[in-house]
Amino acid sequence: MNTIAQRLAQIQARIRQAEQRYRREPGSVKLLAVSKTRPLADLQTLQALGQRCFAENYLQDALPKIAELGEQVEWHFIGPLQSNKTRPVAEHFHWLHSLERLKIARRLNQQRPADLPPLNVCIQVNISADPNKSGLAPEAIEPLAHEIAALPQLRLRGLMALPQRETLFERQRRPFRKLHELYQGLCQSGFKLDTLSMGMTNDLEAAIAEGSTLVRIGAGLFGPRK
Ligand SMILES: *Cc1c(COP(=O)(O)O)cnc(C)c1O
């Protein structure tokens, strides 16, 4: 049976090998531990091994963990966010990866405490154009990016996508390549971005090949979800 320490070493090795293989700068891909539904003890184990960035999808699940692990951790919110639930994200998280509505952006900007640095945000893109999936259509990204740029308590860092599951490597790469192109388009329009949030346990190599700067890993670190 794999322990969390063994899984962490395996994921770190996969990231390092992919960086090398696809000529990415060593250390340019950040590892985000997706700890949704996992018990606090597993997060503490990872934290003791040096993992600093954790991501959660559900607020009611996340807030007690944040209260326990506190300030040492960089907290990322990656789940769907309703407008009546923005305040705890504004107050307790460092990052939001799933921004897709101006109304939510405005509320977060208003609710972000003045003594905290701006909330880092990524716009989520529906890269597989799947009607059942969250995220903005490509043509809606730049207009939202301009609106976010006018909100002082938010800092737009990049784009995030959760493509359709694929098993073949070449098919995994396609949506990631598309997201990278959209990202480059924004950079050419003058946005100062540094984050492409793409890649999970099953497709992190394809994401790194296409320029991911941050992979979001759940099962690969904590084991299969029940
Ligand atoms: C659960 C989740 C992940 C992690 O997926 P794994 O396949 O367990 O690595 C990444 N991103 C989002 C948005 C998720 O909800």
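Remember, it's 1-based here, ligands and their atoms both numbered in the order they're listed. Nothing here was measured: the structure is a model prediction, and the numbers come from that model.
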Discussion item. Just to be sure I'm reading this right: ignoring hydrogens, which of M200, R165, M160, H97 gets closest to atom 5 (O) of ligand 1? Compare them by their nearest heavy atoms.
Written reply: M200
Item to complete: Just go through T201, L204, I217, I11 and tell me whose heavy atom is the nearest to atom 9 (O) of ligand 1.
Response: T201
Worksheet item: Judging by distance only, is a nitrogen or oxygen of A219 under 3.5 angstrom from one on ligand 1?
Response: yes
Response to the item:
heavy-atom search around atom 11 (N) of ligand 1 in the protein gives R216 NE, 2.9 Å
Worksheet, complete the sentence: For atom 14 (C) of ligand 1, the closest protein heavy atom turns out to be K36 NZ, 3.0 Å
Worksheet item: Does ligand 1 have a heavy atom under 4.0 Å from the side chain of L162, from its backbone, from both, or from neither?
Response: side chain
Worksheet item: In ligand 1, which numbered atoms sit nearer than 4.0 Å to a non-hydrogen atom of I78?
Response: 11 (N), 12 (C), 13 (C), 14 (C)
Worksheet, complete the sentence: So the atoms of ligand 1 within less than 4.0 Å of a heavy atom of G218 turn out to be 4 (C), 6 (P), 8 (O), 9 (O)
Fill in: N-O pairing of D61 and K36 below 4.0 Å
no
Discussion item. So, taking the atom named CG in L119 and the one named CZ in R155, what distance separates them when rounded to the nearest 0.5 Å?
Written reply: 11.5 Å
Worksheet item: Should we count CD of Q10 as having more than 12 external heavy atoms under 6.0 Å?
Response: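 Yes - once you tally the heavy atoms of other residues, nucleotides and ligands closer than 6.0 Å, there are more than 12.
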Worksheet item: Is there a heavy atom in N57 that sits closer than 4.0 Å to ligand 1?
Response: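 Contact check N57 vs ligand 1: positive.
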Worksheet item: Does the side chain of I78 come within less than 4.5 Å of L96's, by heavy atoms?
Response: no
Fill in: side chain to side chain contact (heavy atoms under 4.5 Å, CB included) partner of F54, chosen from V34, L46, L32
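When V34, L46, L32 are each tested with F54, the side chain to side chain contact (heavy atoms under 4.5 Å, CB included) holds only for L46.
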Worksheet item: Which pairs count as side chain to side chain donor-acceptor pair (under 3.5 Å) when at least one residue sits in residues 21-35, sequence neighbours excluded?
Response: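 Qualifying pairs: K30-E74, S35-E56.
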Practice prompt. Sequence neighbours left out, what pairs pass side chain to side chain donor-acceptor pair (under 3.5 Å) with at least one residue falling in residues 161-177?
Written response: E166-R171, R173-E210, R177-E210
